[in-house]
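One is the number of the first residue; the rest follow in order along the sequence. The analysis underlying the following values was restricted to heavy atoms, covering all of them including side chains, and did not include hydrogens, waters or symmetry mates.
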Amino acid sequence: EICNTIGIPELAVISISYRFMPVVLMLGVVGMAACAPSAEECTAADAAQQYAQLLPVATKARDVRPDLSGCKRTGVASFYADMFTGREMADGTRMNPNADNAASRTLPLGTTAKVTNLETGQSAEVTIQDRGPYVKGRIIDLSPATAREIGLDRQDGIATVVVAPIEVPLPDGGVKQGAAAGDRTR
């Protein structure tokens, strides 16, 4: 599927002559709509997410199937404890409490996502750079700075959020546009 590999379906029809330009534009619009996650993809991804949440905390990240669907998820977010500052994350970088890094058990490393706190309505864009959280029922760990940005404080510790992928890296090197692709916060 063209949109999954290069993200620009219009490139597939560039060779059509100028006389057919209105058709080319229409195909481009239809092609972009096809890039959004389908209901079937989201249903399958929901099942995978539920399965991942049922796995024992000790389950290794390599044993969890990555969620390549681009579908949004609702669940509980927490944030990194101070003791993780400077520690190496799964992508090899160091955890910076002032950066936009986040951890997910199922989203591929390098995924950018919009995280929205359902109680406050505040959103932030994050990059998945680590694996976790390894607490049952939680779907994302945020850096302390990002947690503050969406109104999550140390007193509460957790919040119900929507995690909507913006761009999901694919195993073949391509990028899939996610549910929040047209809704970037930065």
Side-chain angles (χ1 to χ4, degrees), residues 37 45-118 120 122-181 183-186:
D46 283 339
Q49 179 71 29
Q50 289 170 359
Y51 171 74
Q53 292 300 314
L54 295 174
L55 292 172
V57 171
T59 302
K60 302 286 185 196
R62 70 176 182 271
D63 297 329
V64 177
R65 187 173 180 187
D67 178 1
L68 304 175
S69 72
C71 298
K72 63 184 175 180
R73 301 274 164 270
T74 301
V76 177
S78 54
F79 57 90
Y80 284 98
D82 291 335
M83 66 185 227
F84 291 103
T85 298
R87 288 195 185 174
E88 189 173 319
M89 295 185 292
D91 72 350
T93 62
R94 301 277 174 194
M95 202 293 278
N96 178 349
N98 299 311
D100 69 352
N101 46 24
S104 169
R105 288 181 78 184
T106 58
L107 289 173
L109 296 177
T111 297
T112 55
K114 179 180 177 182
V115 179
T116 304
N117 182 332
L118 292 179
T120 66
Q122 296 170 293
S123 298
E125 189 175 311
V126 299
T127 302
I128 304 300
Q129 295 179 277
D130 204 5
R131 291 291 167 227
Y134 293 106
V135 176
K136 188 175 179 159
R138 297 189 190 170
I139 64 168
I140 196 164
D141 263 340
L142 304 171
S143 68
T146 302
R148 282 190 302 275
E149 194 174 335
I150 67 166
L152 174 57
D153 60 26
R154 289 190 184 276
Q155 184 177 1
D156 296 331
I158 59 172
T160 302
V161 298
V162 172
V163 178
I166 297 169
E167 292 184 341
V168 180
L170 300 173
D172 66 3
V175 175
K176 179 172 187 163
Q177 299 299 303
D183 194 23
R184 294 194 83 133
T185 58
R186 292 185 189 181

> Flag the pair Pro97 / Pro144 as yes when at least one side-chain heavy-atom distance between them is below 4.5 Å, and no otherwise.
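A side-chain contact under 4.5 Å exists here.
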> Quick one: closest heavy-atom pair of Val161 and Asn117, and the distance?
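Closest pair (atom of Val161, atom of Asn117, distance): CG1-CA, 4.0 Å.
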> Between Leu142 and Ile150, does a side-chain contact (heavy atoms from CB on, under 4.5 Å) hold up when you go through it step by step?
CA-CA 10 Å; Leu142 304 171; Ile150 67 166; 3.6 Å; yes
> Drop me the distance from Thr112's OG1 to Glu167's CD, to the nearest 0.5 angstrom.
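Atom-to-atom, Thr112:OG1 and Glu167:CD are 5.0 Å apart.
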> Go through the steps for Val168 and Val175 under the test side-chain contact (heavy atoms from CB on, under 4.5 Å), then give the verdict.
CA-CA 6 Å; Val168 180; Val175 175; over 6 Å; no
> Looking at side-chain heavy atoms only, is the closest gap between Gln129 and Met89 below 4.5 Å?
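When only atoms from C-beta onward are counted, Met89 and Gln129 do touch, with a gap below 4.5 Å.
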> Give a yes or no on whether the backbone of Ser104 and the side-chain of Arg131 come within a donor-acceptor separation of less than 3.5 Å.
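Such a contact is found between Arg131 side chain and Ser104 backbone.
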> Sub-3.5 Å donor-acceptor pair from the side chain of Ser69 to the main-chain atoms of Cys71, do we have one?
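The answer is yes, because a donor-acceptor pair under 3.5 Å joins these two groups.
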> Identify the heavy atoms of Pro66 and Pro108 that sit nearest to each other, and give their distance.
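Heavy atoms only, the tightest pair is CB-CG, 4.4 Å.
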> Roughly how far, to the nearest 0.5 Å, is CZ of Arg105 from CZ of Arg65?
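Interatomic distance, Arg65 CZ to Arg105 CZ, rounded to 0.5 Å: 16.0 Å.
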> Could you tell me which non-hydrogen atom of Tyr80 sits nearest to which non-hydrogen atom of Ala103, and how far apart they are?
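Minimum heavy-atom contact is OH-CB, 3.3 Å.
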> Of all the heavy-atom pairs spanning Asp67 and Leu107, show the shortest one and how long it is.
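Nearest pair, atom of Asp67 first, then Leu107: O-CD2, 3.9 Å.
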> Could you work out, with side chain to side chain contact (heavy atoms under 4.5 Å, CB included) as the rule, every residue matching Ser78, not counting sequence neighbours?
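Here the qualifying residues are Pro133, Arg138, Asp141, Ile158.
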> Considering residues at least two apart in sequence or located in another chain, which fulfil the side chain to side chain donor-acceptor pair (under 3.5 Å) criterion with Thr111?
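For Thr111 there are no side chain to side chain donor-acceptor pair (under 3.5 Å) partners, ignoring immediate neighbours.
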> For Met95 and Asn101, what are the C-alpha separation, side-chain angles and deciding distance, and is it a side-chain contact (heavy atoms from CB on, under 4.5 Å)?
CA-CA 7 Å; Met95 202 293 278; Asn101 46 24; 3.9 Å; yes
> Considering residues at least two apart in sequence or located in another chain, which fulfil the side chain to side chain donor-acceptor pair (under 3.5 Å) criterion with Thr120?
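Expected list: Gln122.
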> As a quick check of understanding, evaluate side-chain contact (heavy atoms from CB on, under 4.5 Å) for Ile140 and Val115, giving each step before the final call.
CA-CA 9 Å; Ile140 196 164; Val115 179; 3.9 Å; yes
> Where is the tightest heavy-atom contact between Ala99 and Thr146, given as atom of each residue plus distance?
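The answer is O-OG1, 3.4 Å.
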> How long is the gap from CG on Asn98 to CZ on Arg148, to the nearest 0.5 Å?
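Here the interatomic distance stands at 6.5 Å.
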> Less than 4.5 Å apart, side chain to side chain, heavy atoms only: is that true for Thr160 and Thr74?
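They are in side-chain contact.
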> Would you mind listing every salt bridge (charged side-chain N to carboxylate O under 4.0 Å, His left out) that reaches into residues 75-98, with sequence neighbours excluded?
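For residues 75-98, and leaving out neighbouring residues, the salt bridge (charged side-chain N to carboxylate O under 4.0 Å, His left out) pairs sorted by first residue read Asp82-Arg154.
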